[in-house]
Amino acid sequence: MNMPKIQIYNTLSRKKEAFAPRVANKVGLYVCGPTVYDYIHIGNARTFTTFDMVSRWLRVAGYEVTYVRNVTDIDDKIIERAKERGIPFAELAESMAQAFSADCARLHLLPPDREPRATKYVDAMLGLIGVLEQNGLAYRVPSGDVYYSVRGFPAYGKLSRKNLDDLRQGERIAAKGESGKHDALDFALWKSAKPGEPSWPSAYGAGRPGWHIECSAMAASVLGTPVDLHGGAVDLQFPHHENEIAQSEGAGHTPFTICWMHGAFLNMDSEKMSKSLGNFHTLRDVLAQQDAVQGGEATRWFLLRGHYRSEINFSWETLADAANSLRGFYTALREVPPAPAVTPAQAGAIDWSNQYAARFRDAMNDDFDTPIAFAVLYELRGEVNRTRSPELAGLLKALGGTLGFFLADAETFLKGAGSGIDVEAKIAQRAAAKKAKDYAGADAIRKELEAAGIILEDKPGGATEWRRK
Ligand code: AMP
Ligand code: ZN
């Protein structure tokens, strides 16, 4: 596709910039993956869905993308949880990593090209720590831990733009009694082994890596540096990504990353959804409450229809609304079968001079502006319904397909799972009954659906939407 340059908001400069990867037409994308100690919640799912959308769109834009999303399979939380459950940490990590892949598939996330696991890169981490030590940026304390010396890296804080003195103040209070650190902001590169904990041999004695060094080592090992695009949610800006920069650039990988992308939170009642606050729904729970055929794509729609840099709020109503929207699209595609569908892999076949396609593309090229791109899809759907043009229906399916939507067979999708009832057909029958003033008949259909757990909602303007109880 002959595309104009993509603009991406770079957290480092706090500006939208023309994206210019290290090698023209190639993108190395590194996303900080899950710590596999439990099922992911719908907030985590938002971040991973955002970067699935980003990787898909970069490919549509003609880039050869290597998408890397690591798995943190060694961490305090994993060790603790495995201990509670009386199983080896590796067993817990393995089962949760598998659950994570299954969860991602339900949201139609494409598997990343590489999913490095931290425990397989311990040598690379130790190599990096060795270089930092030579550069005077790492020191050992008597307990055997190795710390990064923040004072030795003058650019520390450049990503998060935090006031370091304020932070030091806070840290000093929090870390009172912690032994041997030269500066309150210094962080662990290597943690000496405690009895009963997993460990690896090293020049510093048996131990395990700190979280931050894992990503610095895996990103450099798998992609090389500079990494073109590096992402996570905003909570990773500090300290995680700040520390990744300090480690990697302190070891000579300068710049470490060209463009930093951070997604906004998914909130519950205006507060960040998080495991520690206890205000979360696992993705599994959210999917279990929805139709088995429609729920994954509906959740994806809900997660992507807001801009990735705007917070979104979770509610069952908005999720039901997303499912309704999606059914509207599939209904249009069922009524007007698309002309030979262009699959996302053949996005090259999309006619970008079409005004809908052009506006969709311009929105996506402007820092992945999905709200505008979705608005174009809604408009195009209206046009398909009016004109009944198979070509426009094909374009609708193809544009949606670039973001991982409308890929199912319309009939199958609309039928849904569970009830086995074709709800859309029932709604049409009910509308016909109402038109013929057969109100008892119309009511019987409403009751029949209700018994199957399906609630109808008549909207102003005459349309009827439905959701599950
Ligand atoms: P974790 O497994 O806790 O490291 O989280 C995995 C990813 O989910 C990280 O990129 C986090 O920044 C992100 N994340 C955690 N909570 C939320 C939330 N409420 N909304 C969006 N992303 C989140
Ligand atoms: Zn990371």
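The analysis underlying the following values was restricted to heavy atoms, covering all of them including side chains, and did not include hydrogens, waters or symmetry mates. The residues of the chain are indexed from 1 along the displayed sequence. Counting starts at 1 for both ligands and their atoms, following the listed order.
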As a test of reading the structure, name the N/O/S atom of E244 that is nearest the Zn ion (ligand 2).
OE2
Could you check whether atom NZ of K158 has more than 12 heavy atoms from other residues, nucleotides or ligands sitting under 6.0 Å from it?
yes
Students should be able to answer this: which protein heavy-atom is nearest to atom 9 (C) of ligand 1, and at what distance?
L236 CD1, 4.0 Å
Under 3.5 Å, is there a donor-acceptor pair between the side chain of D186 and the main chain of D183?
yes
S310 (side chain) donor-acceptor with G306 (main chain) under 3.5 angstrom:
no
Indicate yes or no for a side-chain donor-acceptor contact from E465 to the backbone of N324 under 3.5 Å, with no hydrogens or angles considered.
no
Treating H230 as the side-chain partner and C32 as the backbone partner, does any N or O pair qualify as donor plus acceptor under 3.5 Å?
no
Quick check on side-chain hydrogen bond (donor to acceptor under 3.5 Å, both in side chains): which of E17, H262, K16 does N10 satisfy it with?
E17
Backbone, side chain, both or neither: what part of H41 comes under 4.0 angstrom of ligand 1, heavy atoms only?
side chain
Is the ring pair F153/Y148 parallel, tilted or perpendicular, if the boundaries are 30 and 60 degrees?
perpendicular
More than 12 heavy atoms of other groups within 6.0 Å of F238 CZ
yes
Enumerate the atoms of ligand 1 whose separation from the nearest heavy atom of F48 is less than 4.0 angstrom.
6 (C), 7 (C)
Taking backbone and side chain together, does H241 place any N/O/S atom at a distance below 2.8 Å from the Zn ion (ligand 2)?
no
Distance filter under 4.0 Å to L266 heavy atoms, resulting ligand 1 atoms:
18 (C), 19 (N), 20 (N), 21 (C)
Angle at the Zn ion (ligand 2), SG of C32 to SG of C215, rounded to 10 degrees, please.
130°
Below the 3.5 angstrom mark, is there an N/O of N44, backbone or side chain, next to an N/O of ligand 1?
yes
Backbone of L12 reached by a side-chain donor or acceptor of R161 within 3.5 Å
yes
heavy-atom search around atom 23 (C) of ligand 1 in the protein gives G43 O, 3.5 Å
Min heavy-atom dist F280 to ligand 1 below 4.0 Å:
no
Sub-4.0 Å atoms of ligand 1 with respect to non-hydrogen atoms of K272:
16 (N), 19 (N)
Which distance, rounded to the nearest 0.5 Å, do you find between the CZ of R300 and the CZ of R305?
14.5 Å
Checking D73 side chain against T119 main chain: does a donor-acceptor pair fall under 3.5 Å?
yes
Can you list the atoms of ligand 1 that are under 4.0 Å from a heavy atom of T47?
10 (O), 13 (C), 21 (C), 22 (N), 23 (C)
Indicate yes or no: does an N/O atom of M273 lie under 3.5 Å from an N/O atom of ligand 1?
yes
How far is atom 2 (O) of ligand 1 from its nearest protein heavy atom, and which residue and atom is that?
T35 N, 3.2 Å
Can you list the atoms of ligand 1 that are under 4.0 Å from a heavy atom of P34?
2 (O)
closest protein heavy atom to atom 12 (O) of ligand 1 is D235 OD1, 2.4 Å
Hey, is there an N, O or S on H212 sitting under 2.8 Å from the Zn ion (ligand 2)?
no
